[in-house]
Amino acid sequence: MVGNSTETWEKKIRPALSPSAAFGETFFKEHGDRPWAPNEADHRAAVSLHIELVSRVATQPLDYSQGVEEAALNSIFELFGKTRSFCLNNLGCSTFEIVAWHVLNSKVRPFTARWHAISQSGGLRALDTSDEFRAELEVMQQALLDLDKALQLIAGYDGYSTPRASNPLHAGIDEELQLSPVWRPMGLRNGTEELAARERDLVLARRHQYQIDPERRWAAGIALSGGGIRSATFAIGVLAALARRNLLPQFDYISSVSGGGFAAGFLTQLLGGPDNDPRFGLDANKQPFQRDEGESLILRKVRHGASYLSGSFLERLALGTIQAHGIFINLLVITLLISIFAFGEFAISSFIPGNVTSIFLAFLPLAAVSGILIIPLASKTFYCDNKPSFLMSFFGLLFLLPPAVFFLHLFHAGVRYLTGLFVVGTQTSVTYAPVTLGAIVTWLALTISGFVAAGAIISQFNRLRPAFLTVFAVVFLLMTESLFYTFFVDSSPSSGIISAGLAAVILFFLWLFLDINVASLHHYYRAKLSDAFLLRPSGEPADPMNLSTFDGRRALFPIINCALNVPNSKDPVMRGRLSDVFAITPVAAGAGVLGYLETPSWEKSNTNLDLGSTIALSGAAVSPQMGLRTKRYASFWLTALNLRLGIWLSRPGKTSRGPGLWQLVKEMTATADEHGAFLSISDGGHIENLGVYELLKRRCRFIVAVDGENDPTMTFHALTNLQRLAYIDFGIVLDLNLDDLRLGEAGYSRSHFQLCRIFYPQAPDQVSREIGYLLYIKLSLTGNEGEYLRRYKLDEPTFPHHSTADQFFSEIQFEAYRSLGEHVGEKLFLPAIIGPLDQKDVPLEEWFRCLGHSLLRPMPSSQRAHQTVQSSSNAE
């Protein structure tokens, strides 16, 4: 077949092509006047290359989470070899040669040359590096599509053309999005209806202020994880990227834990506090995230407070005094209790005739005979209704008490011998120097000093730590008791009685007047956090607001998560968990095992429970009781050394005094529960460190979780722990696929984020579950970060997972984590992910739709069809 000789290339080719995609003005200026006359060799070569194009990735869309970029690059590079072979096999195909080599050399060769070098260096292994590859690939693919159209013109027939419409796999994601969960303020549990209505009103006030559809039946939330100042700084960077797209006003909740609460508290005080400045808000054109020539003044203030625990010499001296006072009080209580026990032992032994050894030896045959005689009764009387009987307890004491007393007296004798305080008298007697109170005080001081020194060494060996702490505590208690016992033996009867009576009087005084919250480090921690993060619009420190006064019009509804420590709870739900999520909001505070009461009642019973105290409690990482991490072998020493950032909250309406000796004993022994007038509260990360738990309870449709926890090996403890709690407590299934976030051979992740489905359980009258989405953003590196972060990684190999104990960030360190957060946030809006969405004003629902298209695999067709049936029934 030969073309029409009167028809030119420009008239034949230009109408079928995209404007300037592959054949621009330069091409038509050089070849446009040629007569259109392809020959048989052109036809054969054009058909061959056409088949290669429509069957390769060269012209196929490559979704963000699908395909391998290296394979796509190799497939495109192979077009050069294929085209050479077609030219050699079809000599004389001049029309084909001009058209094909024009596109390959002008459009494809620069693409392959640039990306081949990057691919060889491993740059394409990171998904957020491949975004640029995909963007350029899409432009280059359009040129190849134009080439394919020209080839079909040369071949003289209309063959298969690659469709450029939307991916058919996206239809499944669009169907899922119709299964929106219905918003449940407060979780809408029985007894919370009135509190839920108040929460709803505050959320609707913000929607009205920012002109968000008040009728939408779904909710969205942001969760900021624990991790101290590291997490707070990373979160600020991510929030800035969301604010730049006008996304922040479209969220309803900001739920925070520990360090994430620093950032959430900052926004809550600034936008929901009493200072109403029209320059500040959640909009892209409002402070604090709007940038002009530089960072906003108030964020500079936050940056300045990054080393928030630093202080002047007088502050450090005051902190040392507070800590020393706390240690003194706690050791005093321990000493007084031991001394009274030792006096009781001394008093009882004084009334027993004979020595302890002879009594113990006489008891052995009695115990043997008794043990034999009660064998016939044991199976019938030791258990009643599957519980130990009184008889069992009685015989237990009968058998165990005398040996315990015997070995205790042996220990006393050993202690006296080891003191070395004796003078050899006659050959038949040894005279010991009496034990004085001064010797006991010296022993206590040396013991604590030795413990601190030995503990610093043993702490490096995780497996030795439990044994060391347990043995040292037992030895410390036994030695101290022995010294007091010996003191009472050596003292005159009147001196012993006076000493024991004085100890009892002091204990009684402490019982009446001691408030153990006063000696806690919580107050110093609260003050430093408040000064650094709770600011007025002017940048000056604000008086921390009471959450009950929260103005919901301009700020996201805050949920601040703490841990309610109940290691001694008998509730089956708490067995093994040792704690529950204690959530504090402007409306209510409480936990599932405890119930919920309105926030003003908590503030009335705890006069210092303001926003500063709340975020300090949420970040009380070091406490004798630490939720899931509670270790009874460590609780004694954490209490004795006053390492207590948490406090005891007074249950509303129960008492007017503060927590005292009984609560201190519960801390030492890790035996707190949900009953009584006081509740032990500590870091929310002790139960759930991601902050998503309360958002799931409210059935949020869209959740953005910013995970800044310390996780250098990428084991995702916070997320998998949430997965477990969500299923046990709510029947919610988190569908996770974290492969792209795991560390590769080079120590980098492939991506910074992943989108996960949330399958909410269906009600009895529903056919299927509701589906929500969790965008999980992980503190991570992919290797394609800017030079500043690369350089900082060289200087600080532990970046981006510095220890949470490091709460003294320099400006360089602060900027590294903030910059990484903003870098990750910007990657969420790559054209390769969200397509043509407007970058300045992104609708939340459409953003998640695009994320779903790029990051999710469609569910199996059978499951999707099942969901569609439910969607149709809901529409009816």
Side-chain angles (χ1 to χ4, degrees), residues 64-65 69 118 123-136 138 222-225 230-251 263 282-286 288-296 299 303 702 704-708 740-741 748-755 775-793 799-800 814-844 846-855:
Y64 186 79
S65 60
E69 289 75 14
I118 297 175
L124 281 177
R125 294 171 188 166
L127 280 178
D128 55 358
T129 298
S130 66
D131 68 279
E132 190 176 352
F133 170 85
R134 291 166 185 271
E136 292 188 19
E138 187 172 351
I222 298 173
L224 307 181
S225 81
R230 178 191 63 246
S231 177
T233 308
F234 178 66
I236 287 173
V238 175
L239 290 174
L242 298 180
R244 194 168 297 124
R245 274 82 182 182
N246 257 328
L247 275 166
L248 286 185
Q250 301 176 60
F251 287 92
L282 298 172
D283 301 293
N285 61 349
K286 296 288 183 69
F289 294 114
Q290 183 191 28
R291 289 184 70 97
D292 294 323
E293 294 183 358
E295 190 174 51
S296 65
L299 282 184
R303 183 189 296 274
F702 301 127
V704 174
V706 183
D707 186 359
D740 286 337
L741 300 178
Y748 291 105
S749 300
R750 192 161 180 256
S751 180
H752 296 291
F753 45 83
Q754 188 52 265
L755 188 65
L775 177 60
Y776 179 65
I777 301 173
K778 185 67 173 175
L779 181 62
S780 56
L781 294 175
T782 59
N784 74 326
E785 291 75 19
E787 288 301 324
Y788 174 73
L789 293 178
R790 293 183 189 181
R791 173 63 193 179
Y792 187 76
K793 176 67 173 176
F799 176 76
F814 182 100
E815 177 56 22
Y817 280 96
R818 188 215 62 80
S819 179
L820 177 59
E822 191 161 359
H823 167 83
V824 173
E826 290 296 320
K827 294 298 181 182
L828 293 167
F829 301 95
L830 297 168
I833 299 178
I834 66 170
L837 276 184
D838 183 2
Q839 289 281 338
K840 293 183 178 180
D841 197 359
V842 178
L844 178 60
E846 285 304 308
W847 180 46
F848 266 87
R849 185 187 305 277
C850 293
L851 291 173
H853 290 169
S854 297
L855 303 177

Colleague: Which atom names give the shortest non-hydrogen contact between Ala263 and Ile236, and what distance separates them?
Modeller: CB-CG1, 4.1 Å

Colleague: For Val842 and Leu247, which heavy atoms make the closest approach, and how far apart are they?
Modeller: O-CD2, 3.3 Å

Colleague: State, to 0.1 Å, how close Leu837 and Cys850 come at their nearest heavy-atom pair, and which atoms those are.
Modeller: CD1-SG, 3.6 Å

Colleague: Testing the basics here: between Ser751 and Ser780, what is the closest heavy-atom pair and its distance to 0.1 Å?
Modeller: O-OG, 3.9 Å

Colleague: Can you measure from CG (Leu820) to CZ (Arg818) and round to the nearest 0.5 angstrom?
Modeller: 10.0 Å

Colleague: CD1/Ile777 to CG/Leu828 distance, rounded to the nearest 0.5 angstrom?
Modeller: 4.5 Å

Colleague: Assess the residue pair Gln250 and Arg245 against the criterion (side-chain contact (heavy atoms from CB on, under 4.5 Å)); give the C-alpha distance rounded to whole Å, side-chain angles, the decisive distance to 0.1 Å, and a yes or no.
Modeller: CA-CA 11 Å; Gln250 301 176 60; Arg245 274 82 182 182; over 6 Å; no

Colleague: Check whether any side-chain N or O of Gln839 sits under 3.5 Å from a backbone N or O of Phe829 as a donor-acceptor pair, and report yes or no.
Modeller: yes

Colleague: Nearest 0.5 Å, please: how far is CG in Leu844 from CZ in Arg849?
Modeller: 11.5 Å

Colleague: Distance from Glu815 atom CD to Thr233 atom OG1, nearest 0.5 Å?
Modeller: 10.0 Å

Colleague: Tell me if the CZ atom of Arg791 is crowded by more than 12 foreign heavy atoms within 6.0 Å.
Modeller: no

Colleague: Okay, side chain of Ser296, backbone of Phe289: is any donor-acceptor separation there less than 3.5 Å?
Modeller: no

Colleague: Heavy-atom distance under 4.5 Å between the side chains of Phe848 and Val704, does that happen here?
Modeller: yes

Colleague: Roughly how far, to the nearest 0.5 Å, is OG of Ser819 from CZ of Phe814?
Modeller: 11.0 Å

Colleague: Is there side-chain contact between Asp707 and Phe753, with at least one heavy-atom pair below 4.5 Å?
Modeller: no

Colleague: Less than 4.0 Å between a side-chain N and a carboxylate O, is that true for Lys793 and Glu785?
Modeller: no

Colleague: May I ask you to test the Tyr776-Leu741 pair for a side-chain heavy-atom distance under 4.5 Å?
Modeller: yes

Colleague: Looking at Pro800 and Leu779, what are the two nearest heavy atoms and their distance?
Modeller: O-CD2, 3.0 Å

Colleague: Could you walk me through whether Leu242 and Ile222 pass the side-chain contact (heavy atoms from CB on, under 4.5 Å) check?
Modeller: CA-CA 11 Å; Leu242 298 180; Ile222 298 173; 4.2 Å; yes

Colleague: Rounded to the nearest 0.5 Å, how far apart are NZ of Lys827 and CG of Asn784?
Modeller: 5.0 Å

Colleague: Are any of the side-chain heavy atoms of Arg244 and Glu826 separated by less than 4.5 Å?
Modeller: yes

Colleague: Do the side chains of Asp283 and Pro249 get nearer than 4.5 Å, heavy atoms only?
Modeller: yes

Colleague: For the residue pair Ala816 and Leu789, what are the closest heavy atoms and their distance?
Modeller: O-CD2, 3.3 Å

Colleague: Could you walk me through whether Phe702 and Phe251 satisfy the ring pair (Phe, Tyr, Trp, His ring centres under 6.0 Å) test, starting with their C-alpha distance in whole Å, then the side-chain angles of each, then the deciding distance to 0.1 Å, before giving a yes or no?
Modeller: CA-CA 9 Å; Phe702 301 127; Phe251 287 92; 8.5 Å; no

Colleague: Measure from the side-chain N and O atoms of Asp740 to the backbone N and O of Arg750, and report whether any donor-acceptor pair falls under 3.5 Å.
Modeller: no

Colleague: Could you tell me how the ring of His823 sits relative to the ring of His752: parallel (under 30°), tilted (30 to 60°) or perpendicular (over 60°)?
Modeller: perpendicular

